[in-house]
Amino acid sequence: MQTLKVERHDGVVTVVMSRPEKKNAGSPTMWRELAETFTEIERTPGDRVMVLTGAGGDFCSGADLDGISDDALDYMKRASHAAEALSALTIPAIAKVDGVAVGAGWNLALGCDLVVASERARFSQIFIRRALSLDFGGSWLLPRLVGLQKAKELAFFGEILSAAEASKLGLVTRIVTVEELDATVESMARRLVYAPTQALSLTKQLLDAAADGGSIEAALQRENHVQANNIVGVDAAEARAAFLEKREAVFYRPDSQPVATAHA
């Protein structure tokens, strides 16, 4: 890896974008490595939660467009492959955001399931200020998350939002101090690691499918099939046994570590 650092510890895989001299702007190499890494994570059974963050006090300043004008379409395809691979993840993904998350960088964070930001984090759909249009899935993500009118406002003006302003729009899950950021994300990731994996993954897929629209009848049909799979699964059997035995259910046993329990 030239642009990423990937660390694994007891079910949590942390992906760090590491181009701090560019505020972790996405180069062709970084987009390719992100796509490959997300795909690898999806295929790795031991990876139960992903944390995505940036090095050097920033999340991602968007696309690094230096020197790509002669091959712009190829560059954009690489970025799109990364966005598609992130969207295909069936495990929970947490964006840990400090500093700037603008342009493709903000859409990279929005492609995760949860966004935890420091108080000093700043967000923008900055494209229009660079004479560009939305990319990295922004045209699909924003209307789903904030509605069409607010999405147009964010895209048309490219204003810089504070973490508090982004949170009011529902685009930040939790705001903490810089000092609390690492511990907060670690705690959230741990809780998800020890949750029942199948039910968590299928819940994510149900919500994503429902967010695309459709009828309640279609949603109920999806729920019926998903819940039927859960009911006959090993995690549900463990949950029932734990209830009858009046103990905490155990859904995850990390190798050579004390058994931890899942909490509601």
Side-chain angles (χ1 to χ4, degrees), residues 1-8 12-55 58-97 100-115 123-127 130-145 151 155 171 201 204-205 207-209 211-212:
M1 290 291 176
Q2 299 179 43
T3 67
L4 306 180
K5 296 179 181 178
V6 180
E7 301 174 354
R8 287 177 165 86
V12 178
V13 53
T14 301
V15 179
V16 182
M17 295 173 284
S18 187
R19 300 186 76 217
E21 73 285 355
K22 292 273 192 174
K23 295 185 182 295
N24 305 313
S27 65
T29 299
M30 193 172 96
W31 297 135
R32 175 180 56 78
E33 291 183 347
L34 281 171
E36 291 173 352
T37 298
F38 296 152
T39 300
E40 178 196 16
I41 290 170
E42 179 63 18
R43 295 172 178 171
T44 303
D47 293 342
R48 296 167 70 94
V49 179
M50 184 188 77
V51 174
L52 179 65
T53 192
D58 288 294
F59 185 76
C60 176
S61 60
D64 184 355
L65 299 178
D66 291 345
I68 68 161
S69 59
D70 293 336
D71 204 1
L73 184 57
D74 179 72
Y75 175 89
M76 291 312 306
K77 287 180 178 179
R78 293 187 188 218
S80 293
H81 291 159
E84 290 169 0
L86 176 60
S87 178
L89 278 179
T90 56
I91 64 171
I94 304 174
K96 182 170 69 173
V97 180
V100 298
V102 300
W106 192 8
N107 293 333
L108 182 59
L110 293 177
C112 296
D113 302 297
L114 304 170
V115 179
F123 303 88
S124 176
Q125 296 292 327
I126 203 167
F127 302 97
R130 307 290 185 261
L132 300 170
S133 301
L134 300 175
D135 64 22
F136 210 88
S139 63
W140 185 76
L141 289 163
L142 284 174
R144 294 169 80 242
L145 294 169
L171 299 175
S201 174
K204 170 177 174 172
Q205 293 173 59
L207 292 171
D208 286 344
D212 286 338

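Note that these values count all heavy atoms, side chains included, but never hydrogens, waters or copies made by symmetry. Residue indices begin at 1 and follow the sequence shown.
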Residue pair Asn107, Gln125: steps toward the side-chain contact (heavy atoms from CB on, under 4.5 Å) verdict
CA-CA 8 Å; Asn107 293 333; Gln125 296 292 327; 2.8 Å; yes

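- Nearest approach of Cys60 to Met30, heavy atoms of both residues: SG-CE, 4.4 Å.
- Once rounded to the nearest 0.5 Å, the distance linking CZ of Arg78 with CG of Asp71 reads 8.0 Å.
- Residues Ala63 and Tyr75 approach most closely at CB-OH, 3.0 Å, considering heavy atoms.
- To the nearest 0.5 Å, the span separating CE on Met17 from CZ on Phe59 amounts to 4.0 Å.
- The backbone N or O of Val100 lies less than 3.5 Å from no partner atom in the side chain of Lys23, so there is not a single donor-acceptor pair.
- To the nearest 0.5 Å, the span separating CE on Met76 from CH2 on Trp31 amounts to 8.5 Å.
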Stepwise side-chain contact (heavy atoms from CB on, under 4.5 Å) test for Leu171 and Val115
CA-CA 7 Å; Leu171 299 175; Val115 179; over 6 Å; no

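- Under 3.5 Å, the side chains of Glu42 and Thr90 contain a donor-acceptor pair of N or O atoms.
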What donor-acceptor contacts under 3.5 angstrom involve side-chain atoms of residues 132-145, with partners at least two apart or in another chain?
| from | atom 1 | to | atom 2 | distance (Å) |
| --- | --- | --- | --- | --- |
| Arg144 | NE | Asp212 | OD1 | 3.0 |
| Arg144 | NH2 | Asp208 | O | 3.3 |
| Arg144 | NH2 | Asp212 | OD1 | 3.2 |

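- Note: Phe123 and Trp106 have tilted aromatic rings, judged against thresholds of 30 and 60 degrees for the angle between ring planes.
- Partners of Lys22 under the side-chain contact (heavy atoms from CB on, under 4.5 Å) rule, at least two apart in sequence or in another chain, are Arg19, Ala25, Asp64, Asp66.
- Note that CE of Met50 and OG1 of Thr53 are 10.5 Å apart. Values are rounded to the nearest 0.5 Å.
- Remark: Glu84 pairs with His81 by the side-chain contact (heavy atoms from CB on, under 4.5 Å) rule, at least two apart or across chains.
- By the side-chain hydrogen bond (donor to acceptor under 3.5 Å, both in side chains) test, Ser80 pairs with no residue at all, sequence neighbours left out.
- Residues Val13 and Glu7 fail the side-chain proximity criterion, which asks for heavy atoms closer than 4.5 Å.
- Residues passing the side-chain contact (heavy atoms from CB on, under 4.5 Å) test with Thr29 are Gln2, Thr3, Ser27, Arg32, Glu33, sequence neighbours excluded.
- Minimum interatomic distance between Val12 and Val51 (heavy atoms only, all atoms of both residues): CG1-CG2, 4.0 Å.
- Nearest heavy-atom pair across Ala55 and Asn24 is O-ND2, 2.9 Å.
- For Thr37, the side-chain contact (heavy atoms from CB on, under 4.5 Å) criterion is met by Met1, Leu4, Val6, Val15, Ile41, not counting sequence neighbours.
- Pairing each heavy atom of Leu52 with each of Cys112, the nearest pair is CD2-SG, 4.1 Å.
- Rounding to the nearest 0.5 Å places OG of Ser201 at 10.0 Å from CG of Leu89.
- Although no hydrogens or angles enter the test, the distance criterion places no donor-acceptor pair under 3.5 Å between the side chain of Asp58 and the main chain of Pro20.
- Thr39 contributes no side-chain N or O that, together with a main-chain N or O of Ala85, makes up a donor-acceptor pair within less than 3.5 Å.
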